[in-house]
Amino acid sequence: NSFTGEETVELQCHGSRGVISGILDCLGHAFPSYYRLRAADRGEFTQRAYEAGRLNLLQIEALADLIVSETSAQRRLALKELSRENSSYVTYDQWRKRLTKALAHAEAVIDFGDEDEENIGAEEQVDVWTGVRDDVMKLRRAMEMHLRDENRGEITREGLRVAIIGPPNAGKSTLLNFLAKRDVAIVSDVAGTTRDVVEVTLDLGGVKCIVSDTAGLREETQTSDVIEREGMKRAKAVAQRAHFTICVVDASNPREGVQAVVKLLREDVQKNNEHEEQLSQLLAQDNTMFVVNKVDLISSSFSNSTISKQQWSTDIQAAMLQISDNVDETTTTMQQPPETFGISCAEGHGVESFLDALTSKVLARVGGGCSDDKMNNSVSVIEEQEGAIITRARHRGHVQQAVEALEKFDALSREGAWALDLAAEELRLAASELGRVVGAVDVEDVLDVLFSDFCIGK
């Protein structure tokens, strides 16, 4: 019943270097040289467990994820994949077996047609293939649905990216420091203090979030500093890669701040010959939150009232409409007032409500993960979801290749008798791609990379 399936002796001791080295010296003298006592290589115990059939390839990947997990959502996802009953391995292996069965039937039809003296006609052969084709079509639809998961598993495993953007001196770095509960970024009254991207990892609702503070966005003509210009270029790139964008503007003039940000982002989109829809997606209501900072400076009796939030939302929406050359393109997802929060990082006003809203968006994006202290109030979709969850780009790539092979199979299977051999080959390729996911095909290279990531003793 050991981890590797082999006879094992475990020694439990204090973890100091002196104690461990003393025990190793004793063991070295106690056993004759022919026992070849040595330290285990990286991942060697896991490799032996795999060779003994105790773990499959996806469980090894899940174990690696569990070892480096930083949040409860990552831990639960890894534990789900480690379970033989609920892991993705079950789904992928079932798909592979169905394709193998379909391939066997297809090849039987081809062999029967070759041996028939009267040579079955193309139309009749296609009719025989109908059952195989229908089953393969259902399987392909299941795979396509599986791929339309908005990368929830990969985001949970790797982290959700949040970009903080806005004009200079709006309080972006102060907000990052407040969220991180420590001084991560330098804060000063000098415009353009932040030059490079400053990242910090946060646990929001049990989900790993990589929050990036960026250089303030303003017209390049307003600064001659080449380093600041490079910082703005990087800020735009971070915003386009982010899953969520937090646009921070100064409460004294939120409309002007939004106009500056939207204008610069539009110029960057047009410069790169990208479609206006890129900007629309970046500023979509579900992906963007507007934060009006420094409200304490415009009102000594600050109140995060609904009226104030509505006024700020109206100002921000009006700013987007004014700056838009094509209102329909840019504001298709902004017809409703954007979600806006008035905060004071200096006083701490409104930050908690903003953080709660951001956490809710994060949980919705990954499918309902939650932190341990909220487990009594909500249930993780990760734990409830049945079937496969894509956690790695490797899995997604092989499943996508399998879908493309099945699309070719569907087209070739309708071409008549001359294309049946080619269609069967596409079935074989699809089954092979799924075999690579579960480790039935070409597993050595994947294992080499995995085991090298393990520490000694795993």
Side-chain angles (χ1 to χ4, degrees), residues 56-59 61 80-81 83-116 118-154 367 385-443 445-446:
N56 58 52
L57 178 58
L58 269 65
Q59 287 177 310
E61 290 178 325
K80 182 181 186 298
E81 290 301 297
S83 169
R84 287 187 177 271
E85 295 78 16
N86 299 321
S87 70
S88 300
Y89 179 91
V90 176
T91 300
Y92 293 139
D93 198 47
Q94 287 177 350
W95 287 350
R96 184 178 68 91
K97 290 177 179 178
R98 285 177 61 182
L99 284 177
T100 302
K101 182 178 179 180
L103 176 61
H105 291 171
E107 290 181 337
V109 170
I110 294 172
D111 292 341
F112 176 78
D114 291 340
E115 295 174 1
D116 192 344
E118 297 182 358
N119 247 339
I120 299 177
E123 184 177 348
E124 293 175 342
Q125 281 196 349
V126 170
D127 290 340
V128 174
W129 274 55
T130 299
V132 173
R133 191 174 61 228
D134 290 346
D135 188 45
V136 169
M137 185 178 297
K138 293 177 183 177
L139 188 54
R140 191 188 82 194
R141 289 172 180 169
M143 292 182 187
E144 290 172 340
M145 183 68 68
H146 177 59
L147 291 170
R148 290 195 293 268
D149 62 347
E150 297 183 331
N151 300 91
R152 287 189 174 93
E154 291 130 306
Q385 183 172 340
E386 297 180 358
I389 300 177
I390 301 177
T391 58
R392 292 175 179 259
R394 183 183 75 83
H395 305 172
R396 185 176 299 278
H398 288 310
V399 175
Q400 183 63 53
Q401 291 292 327
V403 169
E404 292 175 4
L406 294 184
E407 289 174 349
K408 294 178 181 178
F409 164 80
D410 184 62
L412 290 168
S413 66
R414 301 174 188 275
E415 292 295 325
W418 69 270
L420 296 185
D421 284 325
L422 297 176
E425 181 60 25
E426 295 300 334
L427 279 183
R428 186 178 292 104
L429 291 174
S432 178
E433 292 295 337
L434 293 179
R436 288 183 171 87
V437 177
V438 299
V441 179
D442 294 342
V443 70
D445 293 339
V446 178

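Heads up: numbering here begins at 1 and tracks the sequence. Just so you know, these numbers come straight off a predicted model, no measurement behind them.
Side-chain contact between Y92 and V399: present, with at least one pair of heavy atoms (C-beta onward) separated by less than 4.5 Å. Using a 4.5 Å heavy-atom cutoff, the side chains of W95 and V438 are not in contact. Residues H395 and L58 have side chains in contact (heavy-atom distance under 4.5 Å, counting atoms from C-beta outward). At a threshold of 4.5 Å between non-hydrogen side-chain atoms, the residues E404 and E433 do not count as touching. With contacts defined as side-chain heavy-atom distances shorter than 4.5 Å, the pair L422/E415 does not qualify.
Q400 pairs by the side chain to side chain donor-acceptor pair (under 3.5 Å) definition with nothing, not counting sequence neighbours.
Closest approach of L427 and V136 over heavy atoms only: CD2-CG2, 3.8 Å. Here the closest heavy-atom approach between residue A423 and residue S413 is recorded as CB-N, 4.0 Å. When all heavy atoms are compared, the tightest approach of S87 to S83 is CB-O, 2.9 Å. For A430 against L406, the heavy-atom pair with the smallest separation is CB-CD2, 3.7 Å. Taking each heavy atom of L147 and R396 in turn, the nearest pair found is O-NH1, 3.1 Å.
How far CD1 of I390 is from CD of E154: 6.0 Å, rounded to the nearest 0.5 Å. Taken from CZ in R394 to NE2 in H398, the straight-line distance is 5.0 Å, to the nearest 0.5 Å.
A side-chain contact (heavy atoms from CB on, under 4.5 Å) with F409 is found for exactly one of V132, L99, L429, namely V132.
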side-chain contact (heavy atoms from CB on, under 4.5 Å), that's the test. Do L434 and M143 meet it? Break it down for me.
CA-CA 11 Å; L434 293 179; M143 292 182 187; 3.4 Å; yes
Residues I389, D149; criterion side-chain contact (heavy atoms from CB on, under 4.5 Å); working and verdict:
CA-CA 8 Å; I389 300 177; D149 62 347; 5.6 Å; no
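Within the structure, side-chain hydrogen bond (donor to acceptor under 3.5 Å, both in side chains) pairs that include any residue of residues 423-432 comprise E107-R428, E425-R428, S432-R436 (at least two apart or interchain).
Using a 4.0 Å cut-off between a side-chain N of Lys or Arg and a carboxylate O of Asp or Glu, D93 and R96 qualify as a salt bridge. One finds a salt bridge joining R414 and D410 here, because a Lys/Arg side-chain nitrogen approaches an Asp/Glu carboxylate oxygen to under 4.0 Å. Under a 4.0 Å N-O distance rule, the pair R140/E144 qualifies as a salt bridge.
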